[in-house]
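Taking it in order: structure first as structure tokens, then the write-up.
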Amino acid sequence: MRKKVLMGTLVVLTALACAPKKKELPATVPPEKMAAIYNEVKTPFKYGLILVPDSNSHMFDCPTIFRHNDKWVMTYIIFDGRGYETHLALSDDLIRWDEQGAIMQFSDTADWDVNQKAGYPSLISYDWGGDYGINSYDGKYWMSYFGGNSTGYEKGVLSFGMAYTEKDPASPQQWSRLNKPVLAPADPDAGWYDNITMYKCYVQEDKDQLTGHRFVMFYNAKGDSISKVRGAERISMAFSDDMVNWKRFAGNPVLNHHLGITGDAVIQKIGDLYVMFFFRAYWPEGKTVVYNSFAASYDLLNWTEWDGPKLIEPGESYDNQFAHKSFVMKVDDMVYHFYNAVDTLGNRGIALATSKNLGKSELKFKTAAESEVK
């Protein structure tokens, strides 16, 4: 018996020694590859506004786009003074969009998310130039969101929830929601970087299991901060294997500048690199420029930031205060950079920049008089 045990141990050790080792990926991306990514994703032609509210008392924000049943689908969030709701729009060409209505609305209940439901569809195919389809898991389509019970613009303690539907995700419907947050600032494992409040969360599948888990969430949150006036937001990660139970990454935060906002991460896979599009705001300290940039990674864990020209920055009448919160994709040799445009009057809508000149949009923000007529 002893001989059989020793022989069995030897077989196992031999198998482990002969098993192919997981390739160790570089922790940083060289400058020439970062420059190549910039040249691939840049969109120098601002087409203009593609979706604006009927009233300047409403604000449109945070576009997320996917493809389903031969339609392009956009979710976006609307702030009306009370809080955020999540809405849906459809398009045939990524330029002209038809609003379909709300898919997550305010509640008249004691729910933890009664006044805030800002959603972002999950598990969208992220291969650059791919089909951008939305994928299901466990028979459901999923949408992460930040929620809360306070009224006002991102007021109170915000936490992350998960919504889902078994129906067509491109149809106007009310998505179901789990009955409690999946990540919250009061969690026992909350870190110094996310123990005050939490903002955008974006979930994708880790198809190569680089993180050791099936699903990964990128999110920005506010924690104990050097700057007590505004507070700093940083981008962090969490992992899950079932879309319901989430655990924070031990190496959080993955992007951190100690000041201002580093937020709203969305990922694309370009060649052998993962590219994170995000926005930067209020740093260095005292600077108010808000614009979109990117970082790149081989392993989803270690990120190299681009230090060259901005991807999108303020400059037009409709985005001369903020140009931020991007969703970037490539379709039929055209790069589309959807983003949130805010003018100096505080009007807020969805705008588009492209890699090829499509002309100029005729859509404009409503004036105060036009809003009153509506």
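Quick note: residue numbers are just sequence positions, from 1.
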Pairs of donor and acceptor atoms involving the side chains of residues 145-157, under 3.5 Å and at least two apart or interchain, shall be tabulated with distances.
unit_1 : atom_1 : unit_2 : atom_2 : d
Tyr145 : OH     : Asp113 : OD2    : 2.6
Tyr153 : OH     : Tyr84  : OH     : 3.4
Tyr153 : OH     : Arg348 : NH1    : 3.4
Glu154 : OE2    : Tyr84  : OH     : 3.4

Q.
Less than 6.0 angstrom from the centroid, inside 45 degrees of the normal: does Lys330 satisfy that with respect to the ring of Tyr132?
A.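 No.
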
Q. Tell me the side chain to side chain donor-acceptor pair (under 3.5 Å) pairs involving residues 303-316, sequence neighbours left out?
A.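 Qualifying pairs: His257-Glu305.
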
I need the minimum non-hydrogen distance between [X] and [Y], along with the two atoms involved.
{"X": "Met243", "Y": "Tyr137", "value": "CG-CD2, 3.7 Å"}
{"X": "Ile134", "Y": "Ser122", "value": "CG1-O, 3.5 Å"}
{"X": "Lys366", "Y": "Pro53", "value": "CG-O, 3.6 Å"}
{"X": "Pro314", "Y": "Val290", "value": "CD-O, 3.4 Å"}

Q: Run the numbers on Asp319 and Lys46 for salt bridge (Lys or Arg N to Asp or Glu O under 4.0 Å), then give the verdict.
A: CA-CA 10 Å; Asp319 69 1; Lys46 285 187 177 180; 2.6 Å; yes

**Q.** salt bridge (Lys or Arg N to Asp or Glu O under 4.0 Å) assessment of Asp127 paired with Lys207
**A.** CA-CA 11 Å; Asp127 290 326; Lys207 293 180 288 188; 3.4 Å; yes

Side chains of [X] and [Y], donor plus acceptor under 3.5 Å:
{"X": "Tyr199", "Y": "Asn220", "value": "no"}
{"X": "His213", "Y": "Asp206", "value": "no"}
{"X": "Asp343", "Y": "Gln321", "value": "no"}
{"X": "His68", "Y": "Asp168", "value": "yes"}

Q: Return the orientation label for the Tyr336 and Phe338 ring planes: parallel under 30°, perpendicular over 60°, tilted otherwise.
A: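 Ring orientation of Tyr336 relative to Phe338: parallel.
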
Q.
Can you list everything that forms a side chain to side chain donor-acceptor pair (under 3.5 Å) with Lys269? Sequence neighbours excluded, please.
A.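 Side chain to side chain donor-acceptor pair (under 3.5 Å) list for Lys269, sorted by chain: empty.
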
(Q) Could you go through Arg234 and Trp192, starting from their C-alpha distance and side-chain angles, then the distance that decides it, and tell me whether this counts as side chain to side chain contact (heavy atoms under 4.5 Å, CB included)? (A) CA-CA 11 Å; Arg234 307 162 176 90; Trp192 59 269; 3.3 Å; yes

Q.
Quick check for you: to the nearest 0.5 Å, what is the distance between Glu205 atom CD and Ile124 atom CD1?
A.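 Output value for this atom pair is 13.0 Å.
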
**Q.** Interatomic spacing from CG in Leu49 to CZ in Phe60 - rounded to 0.5 Å
**A.**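 One finds 11.0 Å between CG of Leu49 and CZ of Phe60.
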
Q.
Run Arg248 and Asp189 through salt bridge (Lys or Arg N to Asp or Glu O under 4.0 Å) and show every step you take.
A. CA-CA 7 Å; Arg248 290 162 170 85; Asp189 66 339; 2.7 Å; yes

Q: Show your reasoning for whether side chain to side chain contact (heavy atoms under 4.5 Å, CB included) applies to Leu210 and Tyr274.
A: CA-CA 11 Å; Leu210 295 171; Tyr274 293 89; 3.5 Å; yes

In a table with atom names and distances, give each donor-acceptor pair under 3.5 Å that connects a side chain of residues 29-38 to protein atoms at least two apart or in another chain.
unit_1 : atom_1 : unit_2 : atom_2 : d
Lys33  : NZ     : Asp272 : OD1    : 2.8
Lys33  : NZ     : Asp272 : OD2    : 3.3

(Q) Using the ring pair (Phe, Tyr, Trp, His ring centres under 6.0 Å) criterion, which residues pair with Phe249? Sequence neighbours excluded. (A)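 Here the qualifying residues are Phe239.
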
Q | Set of salt bridge (Lys or Arg N to Asp or Glu O under 4.0 Å) partners for Asp333, sequence neighbours left out | A |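 In terms of salt bridge (Lys or Arg N to Asp or Glu O under 4.0 Å), with neighbours along the sequence ignored, Asp333 is linked to no residue.
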
Q: Evaluate whether atom NZ of Lys360 has more than 12 neighbouring non-hydrogen atoms of other residues, nucleotides or ligands under 6.0 angstrom away.
A: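 Counting neighbours around NZ of Lys360, more than 12 heavy atoms of other residues, nucleotides or ligands fall under 6.0 Å, so yes.
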
